[in-house]
Amino acid sequence: MSSVQIVWLRRDLRLADQPAFHAAAQAGPVVPVYVLDDDRAGDHAYGGASRVWLHHSLDSLARSLGAHRSRIVLRRGDAPQVLAALADEVGAACIHAMRHYEPWWKEAEDELRDALGDDCKLCLYDGNYLLPPGSVTTGSGSPYKIYTPFSKAMLDVMPPRDPLPEPDTIHSPDSWPDSPDLQDWQLLPAKPDWAGGITDFWDFGETAAHDRLDWWANEVADYDEGRNLPSQDITSRLSPHLHWGEISPAQVWYKLKDKRSDGWRTFAKELIWRDYAQNVIDQFPDYPRESYRDYDERKLWRNPDAGHLIDEDLECWQKGMTGYPIVDAGMRQLWQTGWMHNRVRMIAASFLVKHLLIDWRCGEQWFWDCLVDADYGNNGVNWQWISGTGVDSNMFVRIMAPLTQSEKFNSADYIREYVLELGDLSDDCIHDPPDEKRGDYPSKMIGHKEARERALEAYRAAK
DNA sequence: ACAGTGTTGGA
DNA sequence: CCAACACTG
């Protein structure tokens, strides 16, 4: 009888194309375990929306495992200690885990290796990205900082490895370790149940991810044109499924690779962007916490300490009360559904940083708390891109014009859906309603021209 | 073999 | 502005 194999699950909550699970199932009886470790990530412990997703995704995976007469063991605490103890308890020969590149997980993997005795080893696998971070480097051997040459290099060495099948059989151990009920973790909100919008908007888990991908295979051709139109929302909405590892990017790649449309080529670049962000945080672990460029940030932000005190302007933005309908529609969509259309994310983020001159980290934290697809790499890289504080091009200060963008991308229906006060306004005035048509809806916090000039001046002064 | 310089272009 | 690469000597 072969010895027990532990599968340490993190954001890889799937059975198919899950290299760690695959290897464990071939090696012996499997004990899948999820460790809720809230301290390790510090300021990036899972936010409210992420916890809702995590609950449903774990629940879904437990059901799938149930069909194999297997289950998930739940544990709470410092992951390396908890896992080392569990390995002792079940007499495991190996802990199999997908490699993760958040700095706290890299640290935990090292600590776990040290904590394990001679009888149990740690086996790490890649597979949550198209290629393992660090796979492509510049001609001189250093990691890429700029997206476009990175993506060209990626395309040169693609495609990704072939996806693995789901394990045929998953053998159970002779006896199961104790585990609390998932309900006991209270990942779902208690009294005011604000998660209704999230559960209405999403289906969770591996099967739902593949259903979504099947749907997307018929839509992706229109992505090139449609991805910028919030009202039509021609986007995959795969981001949370990918973040939680309910589906792998290799599975997405192989499902869509024969589509040969412009839409597919553009979508492929977005998948590569996800790998790019992971490469950036692998290279600069604090990237989502620190500006990469050394601006004099005391001259840049209007409220250098707003990270610690709740700024009134920050609150207007968070609640979708800026007076700019496209920004407010986006912020309200985020609050209701745990997600925001990508085009609108750019507009809303740019508004916080450029129009309000509020430190991008305040926005990063809010998104971290509200997004079901909150991802350390993507969130940090995208916020620094919008702020112009990041590794990428910095040749001019990019200030998006929210009203122009709103009209250009036909967002009238999107605004009507999320800013109910403006529900009766016509297409021609909904993007920037005159005061007498605003009713309960607030007037603009600051005019675009004035904000633009103020931002240009602040960025010049802080250079 | 590779440091210095020029050219190109950036979600 | 500056990363990345091609070209140079």
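For the numbers below, each heavy atom of this structure counts, side chains included, while hydrogens, waters and symmetry mates do not. Reminder, nothing fancy here: chain letters follow the sequence lines and each chain counts from 1. Not measured: the values here are computed from a predicted model.
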**Student:** Y376(A) and Y287(A): aromatic ring centres closer than 6.0 Å?
**Tutor:**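 Distance test on ring centres: not under 6.0 Å, no.
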
**Student:** Under 4.0 Å, heavy atoms only, any strand: does R293(A) hit a base, just the sugar-phosphate, or nothing?
**Tutor:**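 Sugar-phosphate, backbone atoms only, no base.
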
**Student:** Whole angstroms only, please: what is the CH2-P distance between W385(A) and dG10(B)?
**Tutor:**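 Between P of dG10(B) and CH2 of W385(A): 13 Å.
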
**Student:** Counting heavy atoms from C-beta on, name the nucleotide in dA4(C), dG10(B), dA11(B) closest to the side chain of K145(A).
**Tutor:**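 Of the options given, the side chain of K145(A) lies nearest dA4(C).
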
**Student:** Separation of N394(A) atom CG from dC1(C) atom C1', in whole Å?
**Tutor:**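 The answer, rounded to whole Å, is 6 Å.
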
**Student:** Rounded to whole Å, how long is the line connecting atom CG of D392(A) with atom P of dG10(B)?
**Tutor:**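 So the CG-P distance, D392(A) to dG10(B), works out to 13 Å.
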
**Student:** How close or far is atom C1' of dC1(C) from atom CG of D294(A), stated in whole angstroms?
**Tutor:**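 Spelled out: CG on D294(A) to C1' on dC1(C) is 13 Å.
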
**Student:** Would you say the base of dA11(B) and the side-chain of N382(A) have a donor-acceptor pair closer than 3.5 Å?
**Tutor:**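 When only heavy-atom distances are counted, N382(A) does reach the base of dA11(B) through a donor-acceptor pair under 3.5 Å.
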
**Student:** Rounding to an integer number of Å, can you tell me how far Y459(A) OH sits from dC1(C) C1'?
**Tutor:**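 It is 15 Å, rounded to the nearest whole Å.
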
**Student:** Looking at dA11(B) and W273(A): do their rings stack (centroid distance under 5.5 Å, interplanar angle under 30°)?
**Tutor:**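 W273(A) ring centre within cut-off of dA11(B) base, planes near parallel; stacks.
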
**Student:** Quick one: Y144(A) OH to dC5(C) P, roughly how many Å, whole number?
**Tutor:**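 One finds 4 Å between P of dC5(C) and OH of Y144(A), rounded.
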
**Student:** Nearest to the side chain of E270(A) - dA11(B), dA3(C), dC5(C)?
**Tutor:**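 When the side chain of E270(A) is considered, dA11(B) is the closest of dA11(B), dA3(C), dC5(C).
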
**Student:** Over 60° means perpendicular and under 30° means parallel, so classify the ring planes of W216(A) and Y223(A), tilted if in between.
**Tutor:**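 Judged by the thresholds at 30° and 60°, the geometry between Y223(A) and W216(A) is perpendicular.
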
**Student:** Find the distance Y276(A):OH to dA11(B):P and express it as a whole number of Å.
**Tutor:**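 Going from OH in Y276(A) over to P in dA11(B) covers 7 Å.
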
**Student:** Please give, in whole Å, the distance from dA11(B) P to K269(A) NZ?
**Tutor:**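 Distance check: K269(A) NZ to dA11(B) P gives 11 Å.
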
**Student:** Are the side chains of L242(A) and I247(A) in contact, using a 4.5 Å heavy-atom criterion?
**Tutor:**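 Side-chain contact under 4.5 Å: yes.
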
**Student:** Would you call the rings of W264(A) and F267(A) parallel, tilted or perpendicular, taking 30° and 60° as the class edges?
**Tutor:**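 The rings of W264(A) and F267(A) sit tilted, inter-plane angle from 30° to 60°.
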
